[in-house]
Amino acid sequence: MSETYTFTFMKEVSSLLHAADGNPFPMCVQCGTCSGSCPVAAYMDYTPRQIIAMVNAGLKDQVLESNTFWYCASCYQCTVRCPQGISITELMYALQRYSIWKSRYREGLIGPSFSEAFAKTIVRTGRTFEPILAPSYIFKFKLGEFFREIQNATELMIKGRLPLLPPRIKRLENFKRMIRRIIPMGGVE
Amino acid sequence: MKEYAYFPGCSLEKLAVSYHTSALETTRKLGVKLKELEDWNCCGSTTYFHIDELLAYTLTARNLAIAEKTGLDVVAPCSACFKNMYFTAAHMKGDPDLAEHINFALEEDDLHFSGDIRVRHLLEMFAQDIGPDEIKSKITHPLEGMRIAPYYGCQILRPRRDHEEIENPRYFEDLLSAIGATPIEYSLKTRCCGGSLIISSRTAALTMVRNLLQCARDQGADVIATACPMCQVNLECYQQSVNQEFGTDFSIPVLYFTQLVGLALGIPKNKLGIGKELVSAMPVLAAR
Amino acid sequence: MNNEQFEPTIIGFTCNWCSYRAADLAGTARMKYPPNIRLIRLMCSGRLDPTFVFKALTGGADGVMITGCHPGECHYLEQNYKALRRFHLIRRTLKGLGVEPERVKLVWASAAEGVKFTNEVKNFVEEIRALGPLNWGGVGGNGHPIAAPITEEVPA
Amino acid sequence: MSDKPKFAMYWAASCGGCEIAVLNIHEKILDVDANFDVVFWPVAMDAKYKDVEAMEDGSILLTLFNGGIRNDENEHIAKLLRRKSKILVAFGSCANEGCIPGLANLSSTNEIFDTYYETVSTDNPAHIRPQYRYQMPEGEIQIPVMYPVLKTLDQVVDVDYYMPGCPPESHQIAAVIDLVVQVLQGKAELPPKGTVIGAGGSTVCDECNRKRNVKTITSFKRIFGQPIDPELCLLEQGIPCNGIATRSGCNARCPTAGAQCIGCYGPAEGVVDYGARLITGFASVIESKDPDQIDAILDGIPDPTGQFYRFNLAGSLLKAGKPAWKRNGGNGNK
Amino acid sequence: MEKIGVYVCHCGTNIAGMVDVQQVAEWAAAKLKRRGVVIGRDYKFMCSSLGQELIEKDIKELGLTRVVVAACSPHLHENTFRTACKRAGLNPYLCELVSIREQVSWVHTDKDQATAKSMAVVSGGVERVNYHAPLEPLKVPIHPDTLVVGGGIAGIQAALEIADAGYKVYLVEREPSIGGHMAQFDKTFPTLDCAACILTPKMVQAGTHPNIELLTWSEIEKVDGYVGNFSVTIRKKARYIKTEDCTGCGICWEKCPKKVVDDVFEAGMGMRKAVYTPFAQAVPKYPVIDRPNCTYFIKGTCKACEKFCPTNAIDFNQEDEIVTVNVGNIVLATGYETFDAKRIAQYGYGRLPNVVTSLEFERLCNAAGPTNGEIVLKDGKTKPKAVGIVHCVGSRDKNYNEYCSVICCMQGLKFAHLVHERTGAEVYNFYIDMRTPFKGYEEFYQRVLEEGTHFIRGKVAEINDAARTPDEEGKLIVQVEDTLVGVQMRIPLDMVILSVALEPRRDAKETAHKFGLSCSADGWFIEKHPKLDPVSTMTEGILIAGCVQGPKDIPATVAQGAAAAARALGKIHAGEIALEPFRASVIEEKCSGCRICNGLCPFNAILFHEDRMVTEINPALCQGCGTCVAACPAGAIVGTGFSNEQILAQIEGLLLLNVGEEAVPA
């Protein structure tokens with residue numbers, strides 16, 4: 001069945017990129033430098049270049065269903081090489097935000113819940129705390145992976161490289177009020 | 001005596017505690033003072049950008065504002081923290097509206113960031129601010145014959161766009177030569193280790209770790225030197241997993257460059273947190 | 001200036017070799033800038049006589065933009081430096097007259113800098129808009145301010 | 001009543017120097033008396049406005065009008081004399097281009113009053129200001145209404161000839177008198193209307209015999225505080241001499257005497273704006289391509305407006321500074 | 001009172017689309033009557049013959065004394081309308097063209113405002129034209145000799161055209177021999193005839209032509225004067241060879257003990273001696289001694305060349321020679337440089353031995369090159385089994401050069417063919433877009449496709465030597481996304497050729513400044529008009545040809561060389577040229593000899609008469625910039641074409657001081 005072009009999705013996503021430097025992704029010429037440079041491309045169901053094309057073409061469902069932007073390693077290799085000066089990494093972040101915001105992402109992806117867990121610990125404590133991070137999402141997923149984590153974790157524990165108590169910042173109340181001035185807490189708390 | 005505002009970042013509290021201690025030891029020996037920021041918060045790493053861009057900048061801006069009060073250049077040992085600080089500062093300088101909004105939030109903590117602060121990575125501080133010559137002049141136990149793979153990783157370099165520098169930087173090599181070691185040439189020195197993926201897409205991350213270890217070993221590296229806790233944990237803690245996954249037999253110690261500099265400066269191993277690594281460095285360091 | 005925003009009138013002096021061609025380039029490239037500026041072509045910014053600037057400002061213009069080739073790239077080798085010097089003295093004189101010196105601006109633009117020309121115009125229009133109307137024209141020509149008894153201004 | 005042609009002279013906003021200059025023509029003043037019937041000359045003789053009003057229009061042959069138009073009385077008389085005179089001469093810098101009184105056009109009326117009535121030199125505890133109209137038991141009294149700006153004569157009436165100078169050089173006045181007398185005797189023709197009389201067409205440099213070279217200025221100096229080469233062009237010595245742009249006719253008095261020309265004879269023939277000519281003249285020969293250095297050099301001219309418009313502000317393109325025309329000019333009076 | 005006609009052009013919809021041209025014309029006729037306007041017309045295309053006739057007719061029938069045309073930029077059609085007036089018997093300089101296209105309709109977006117501004121612009125023109133004076137163009141004689149700068153194919157072509165027409169040419173070349181980049185090439189696309197075979201005959205012709213004076217190993221020091229009469233100072237760098245005695249026998253470079261890497265002609269792929277000619281067929285035939293590398297000049301001993309030279313043509317005491325030539329026209333054909341591939345570190349050029357640039361590869365497969373045309377790896381023997389050709393290296397990339405270098409696609413195809421033909425290797429072309437316009441190009445693309453070259457649509461991300469699999473061992477691995485299948489590929493190759501961008505000469509800006517030209521943001525010289533006048537420049541009498549104006553291939557370059565020559569010949573043949581009669585002059589009785597202006601003229605047109613204490617301006621030297629006019633404190637200097645009266649009037653017009661306020665719709 002044939003599709004037709006809609007451009008609202010492209011505009012929505014663009015609007016999520018206010019502070020990102022670089023050119024807008026509609027300037028993409030599809031040269032593939034990003035996807036050639038991407039260390040994770042092989043594991044993505046669409047290459048970053050294809051995702052850009054799909055966003056520009058308004059193929060919203062396919063984009064949100066894809067794992068591409070959750071697999072972005074944030075290595076910025078694509079961004080610095082793009083001949084059109086597009087910040088592809090920032091675009092990936094934008095898509096992640098869009099997907100969490102609409103809470104629409106492919107079943108079985110770890111990325112989203114990890115991000116949320118991570119974010120929550122920060123806004124609650126001002127610091128990250130590795131131990132609660134692992135379980136908070138791994139339980140949702142394969143037991144095997146969990147044990148592998150544990151194996152590492154215990155070793156680290158022995159070496160005294162894992163904290164036992166969650167750290168907190170002192171002026172936590174200010175900190176939380178500060179965050180409230182940026183986003184209503186509902187989003188993450 | 002040169003002084004820097006020092007933002008350790010969450011990982012250095014425990015996970016990368018040896019980076020922290022070795023950083024403090026070596027800088028003291030080199031006559032540089034690291035003044036830890038009071039009540040700093042997590043920089044949000046990259047994951048925060050997955051939730052809210054503005055908030056991600058704000059988290060970092062708080063630390064920058066605290067640092068700015070000291071009037072010193074701020075230095076971060078973790079590449080993720082560094083990248084966040086470097087670009088938050090840059091964006092806020094370049095975009096008054098962004099700065100205004102963020103400063104509005106910072107008021108809640110009686111803070112304000114005006115934008116004039118120099119953000120440095122700990123490695124840049126050693127390799128460029130202090131400089132190889134200065135360091136060379138202070139070393140007592142040169143790491144002769146030690147073949148070290150300098151691993152830059154991503155966010156210490158990118159997304160800055162000064163191409164020649166970021167695609168083929170040399171300053172890590174120069175630093176290693178300065179402490180008497182032999183930096184090895186290998187083409188993946190600036191490639192990603194997959195740090196931020198190890199949780200969310202394990203296979204991808206492990207492959208990336210594999211490729212790196214492979215490439216380093218092929219060029220005959222005894223040790224991999226890192227400048228980022230994420231990279232260190234990834235390359236080291238997951239060697240076992242890699243071996244299980246790919247049936248390889250890697251056991252390459254991965255040390256922080258500060259630990260190596262420390263050794264060359266004659267600082268006792270325990271003071272450098274050596275021994276806390278999962279892949280023991282002892283075989284390599286035995287002689288020293 | 002009732003509620004709708006003030007639209008300044010600006011006279012722009014361009015040199016035949018660089019800035020006028022920059023303006024042409026802005027046109028051929030269909031770049032957009034506000035219509036508040038009206039251009040006059042001189043052969044060289046060195047032709048700029050301060051009289052022209054005063055004529056424009058006292059004749060109803062709210063701002064004057066002087067443009068020429070970049071220093072060192074003057075088609076007549078170095079005449080744009082003469083424009084530069086006059087520009088400085090013109091500004092100082094305006095200051096003495098209580099007129100904002102910022103109403104006169106000097107801009108270098110090469111024949112290739114259509115974009116720069118466009119942006120400079122955009123910015124200048126905003127700058128002048130911020131300064132508000134000049135109204136020097138009120139005393140221009142022979143139309144002096146009507147001499148009305150100004151008793152209300154001198155209370156006992 | 002004699003049938004000699006009638007002569008009048010009037011001072012509006014001026015210092016009276018022009019009158020002195022006229023008297024300064026020594027025995028030539030006798031020619032004036034010999035050839036003219038002086039009907040109106042407030043400085044020299046008593047006369048009432050109504051006498052003038054009573055005269056027939058065009059009955060006065062020659063009127064030398066000096067002083068600028070500062071209030072409605074000045075304008076009234078200017079119009080009156082215009083009506084009554086065949087030949088109306090704007091006499092002296094004030095009538096021509098405003099002169100020093102014209103510098104008041106840099107300030108608002110309030111600022112002028114503040115300065116006049118409220119500064120230390122004035123004891124005015126009750127902050128009293130004269131009123132244009134005032135009701136007395138005897139009836140309303142009035143004083144002339146002050147205008148927001150000073151105007152030149154030709155800004156209010158049609159002028160036949162212009163005679164520049166502050167004051168006009170006596171030898172030039174003498175020459176003009178001679179000319180008129182000769183015209184009366186049919187020995188000469190009047191120059192075309194609008195001509196500048198009693199002056200040259202070029203600039204002061206023309207009459208200045210200081211030595212001149214290609215000019216490059218690296219700094220501006222005040223006339224005092226350093227030795228001045230008596231032979232060399234003052235401008236070349238960094239002294240901002242206005243001779244380059246000022247109409248000739250004074251025999252370069254000031255430069256010859258070692259003082260810079262300050263421009264009382266106004267612009268040369270056909271020049272639109274005197275100050276602009278000086279700005280461009282000075283600026284063109286500054287020896288620098290670096291904006292900051294240029295600024296530094298220009299600091300040597302502490303008051304550019306005064307330097308370039310001392311005598312002709314009211315008559316120039318500029319006419320007045322912003323405080324004089326902007327709505328409720330100046331700071332008002334608190 | 002002047003009788004002025006106002007003509008407003010629609011320019012199709014270019015103007016009429018944004019400006020109510022009819023309203024403007026009517027407004028002018030009504031509101032500017034008092035200013036002398038007797039007729040206001042609008043017309044579809046004023047520049048068309050019908051539009052011009054409209055003006056001519058009115059001049060004749062209405063007795064117009066002035067004409068104002070509101071249309072495009074004067075730089076486009078000023079002459080058109082002046083000539084129209086001339087035909088109708090009106091002095092051409094009584095016509096004023098005001099721009100309401102480039103400066104109104106194309107840059108504004110609100111029709112009312114654009115219309116209002118057009119009215120102001122027209123009123124400016126009307127006020128100005130009132131003060132126009134009839135002028136006669138200045139006739140300047142054209143010196144019949146021509147200077148051609150740059151001895152590449154563009155320069156050679158231009159020089160030959162002019163010389164064959166019977167006029168003298170000075171051909172200046174920086175290197176020891178003419179020939180330029182083309183001499184370095186092996187084959188030329190799409191016909192594959194050998195570059196040397198078609199170029200060297202032209203070089204010889206140029207070298208032996210009675211009308212061409214070659215000045216190789218020479219550089220331009222200074223350019224004075226103006227069209228028709230330039231005087232150019234040239235530095236002839238010391239060759240240390242008495243060219244009058246040298247026979248070019250070659251014994252000197254045979255005997256010279258000092259080997260030097262040839263970075264210029266061999267692009268670093270081969271060696272030459274310290275005394276050398278760049279290549280066998282060099283023109284002129286005599287060599288130069290490379291002073292910084294010559295043992296004698298370094299150590300003070302050796303002189304092998306001198307010992308063995310049969311004609312004693314070596315002269316170590318030679319010094320640079322400065323010559324001055326007078327010419328009427330100048331053709332600039334200084335060409336291009338290639339992009340430094342090291343700047344894209346991820347391609348490994350300079351680090352990975354078998355990554356070569358296109359220019360290096362030209363030498364590699366050139367029969368006269370360092371490998372005698374053998375396409376081999378750096379080891380000098382192994383033939384590659386798989387070769388990659390990377391397009392757009394440094395082109396079409398905001399990080400380096402945004403423009404397309406034009407030749408890379410065809411060059412890539414040519415290389416693909418040569419590699420295929422001479423090694424049978426697998427060839428991969430990595431491209432973003434294949435661009436093969438022009439005669440025979442697409443056909444060549446088809447041919448290479450038939451030969452089985454692989455075309456991979458994707459900009460190469462990186463080239464490295466980090467093997468992950470056994471068959472990657474010891475290979476160059478090209479990592480790229482094949483965008484047509486959307487898969488990231490790793491392709492093991494033996495050799496990779498980088499099609500590097502063409503860039504302006506390092507010293508392009510200086511050169512431009514020397515000749516009074518301007519460069520585009522990219523650094524290419526700006527032509528007078530991108531479509532209609534590609535070989536002329538803003539500076540009358542200075543022409544450009546070839547890549548100095550922008551990247552182009554050999555056919556286009558040759559065409560421009562010939563075009564530039566035609567332009568020069570046209571002027572030479574005419575014998576004189578008419579210049580805008582815009583000149584300054586002094587009104588002597590007003591001049592007080594204050595000498596303010598004396599130092600202001602860079603063309604030394606201002607002279608001072610000590611005796612009469614007055615300044616005078618030499619119209620022959622005056623360039624009409626008007627700086628002195630603006631500077632004279634006595635108002636004693638006047639300038640034609642841009643007089644104070646004209647400009648002050650135009651200001652009044654633009655500010656509508658002589659029209660009621662209601663004139664401009666809100």
Side-chain angles (χ1 to χ4, degrees), chain C residues 7 9 11 13-18 20-21 23-52 55-56 59-61 69-70 72-80 82-83 86 110-113 115 118 121 137 140-141, chain E residues 72-76 98-99 101-110 113-114 116-117 120-121 124 128 509 512-513 516-522 526 530 538-539 580 582 600-603 623-632 635 639 641-642 644 647-648 650-657:
Chain C
E7 285 300 342
T9 308
I11 294 292
F13 293 96
T14 57
C15 85
N16 183 54
W17 305 98
C18 294
Y20 191 90
R21 287 167 205 271
D24 273 358
L25 179 60
T28 26
R30 306 298 198 280
M31 301 163 185
K32 301 299 174 206
Y33 56 81
N36 307 60
I37 189 164
R38 302 166 189 176
L39 297 180
I40 291 177
R41 177 168 63 127
L42 305 173
M43 287 309 279
C44 174
S45 52
R47 176 65 180 91
L48 183 96
D49 184 325
T51 314
F52 303 162
K55 177 74 178 180
C69 313
H70 284 276
E73 293 175 19
C74 178
H75 180 79
Y76 301 100
L77 306 177
E78 52 184 28
Q79 304 304 56
N80 50 355
K82 279 85 173 185
R86 291 171 195 156
S110 81
E113 292 178 325
V115 184
T118 309
V121 173
Chain E
C72 50
S73 164
H75 291 142
L76 224 56
V98 295
S99 168
R101 190 179 74 174
E102 286 78 356
Q103 289 175 20
V104 180
S105 67
W106 278 353
V107 287
H108 301 328
T109 49
D110 176 301
Q113 291 176 325
K117 180 175 172 181
V121 172
R128 189 187 204 278
K509 273 220 168 303
H513 189 230
L517 305 182
S518 40
C519 294
S520 72
D522 297 318
I526 298 181
M538 306 295 183
T539 308
E580 293 281 42
F582 301 153
L600 299 183
C601 182
F603 309 101
Q623 298 296 295
C625 70
T627 303
C628 57
V629 181
C632 177
F642 289 82
N644 289 338
I647 294 157
L648 291 170
Q650 188 176 8
I651 296 173
E652 288 193 0
L654 289 174
L655 295 171
L656 300 160
L657 291 184

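In what follows, chains are A, B, ... by sequence order, proteins preceding strands, each numbered from 1.
Within the 4.5 angstrom heavy-atom criterion, only side-chain atoms of Arg86(C), from C-beta onward, approach chain E. Residue contact with chain C, scored on non-hydrogen atoms closer than 4.5 Å, involves the backbone and the side chain of Ala631(E) alike. The contact between Asn16(C) and chain E is made by backbone and side chain atoms together, counting heavy-atom distances below 4.5 Å. Using a 4.5 Å cut-off between heavy atoms, Asp522(E) does not touch chain C at all. Using a 4.5 Å cut-off between heavy atoms, Ala114(E) makes no contact with chain C at all. At a 4.5 Å heavy-atom cutoff, the contact between Leu42(C) and chain E is made by backbone and side-chain atoms alike. With a 4.5 angstrom heavy-atom cutoff, Lys82(C) touches chain E only via side-chain atoms.
Val107(E) has its side chain out of reach of Arg30(C): every pair of non-hydrogen atoms, C-beta onward, lies at least 4.5 Å apart. For the pair Ile37(C) and Lys117(E), the minimum side-chain heavy-atom distance is below 4.5 Å. Contact check for Ile651(E) versus Phe13(C): side-chain heavy atoms found under the 4.5 Å cut-off. Using a 4.5 Å cut-off on side-chain heavy atoms (C-beta onward), Tyr33(C) and His108(E) make contact. Residues Ile11(C) and Leu654(E) form a side-chain contact, since some pair of their non-hydrogen atoms from C-beta on lies under 4.5 Å apart.
Counting heavy-atom pairs closer than 4.5 Å to chain E, the top-ranked of the candidates Glu113(C), Arg21(C), His70(C) is Arg21(C). Interface check for chain C: of the options Gly639(E), Ala630(E), Gly641(E), Pro74(E), the most heavy-atom pairs under 4.5 Å are formed by Ala630(E). With chain C as partner, the option from Leu657(E), Ile647(E), Thr627(E) having the largest number of non-hydrogen pairs under 4.5 angstrom is Thr627(E). Ranked by heavy-atom pairs under 4.5 Å with chain E, the first of Leu48(C), Asn36(C), Ile40(C) is Ile40(C). Between chain C and the options Cys601(E), Pro602(E), Cys519(E), heavy-atom pairs under 4.5 Å are most frequent for Pro602(E). By number of non-hydrogen pairs under 4.5 angstrom with chain C, the leading residue of Arg101(E), Glu652(E), Glu580(E), Gln650(E) is Gln650(E).
Contacts of Leu25(C) classified as side-chain contact (heavy atoms from CB on, under 4.5 Å), with partners at least two apart in sequence or in another chain: Thr28(C).
Taking CD of Gln623(E) as the start and NE2 of His75(C) as the end, the distance is 7.0 Å to the nearest 0.5 Å. To the nearest 0.5 Å, the span separating CH2 on Trp106(E) from CE on Met31(C) amounts to 12.5 Å. Put simply, CG on Leu600(E) and CD on Glu78(C) are 9.5 Å apart, with the number rounded to the nearest 0.5 Å. Annotation: the span from His75(E) atom NE2 to Arg41(C) atom CZ amounts to 5.0 Å, rounded to 0.5 Å. Going from atom CG of Asp49(C) over to atom CG of Leu648(E) covers 7.5 Å, rounded to the nearest 0.5 Å. With values rounded to the nearest 0.5 angstrom, Lys55(C) atom NZ is found 9.0 Å from Leu655(E) atom CG.
Across every non-hydrogen atom of Ser520(E) and Ala112(C), the tightest pair is CA-CB, 3.8 Å. The nearest pair of heavy atoms linking Cys44(C) to Cys625(E) is CB-O, 3.7 Å. Taking every heavy atom of both residues into account, Ser99(E) and Tyr20(C) meet most closely at CB-OH, 3.8 Å.
In this structure a side-chain-to-backbone donor-acceptor pair under 3.5 Å is present from Arg47(C) to Phe642(E).
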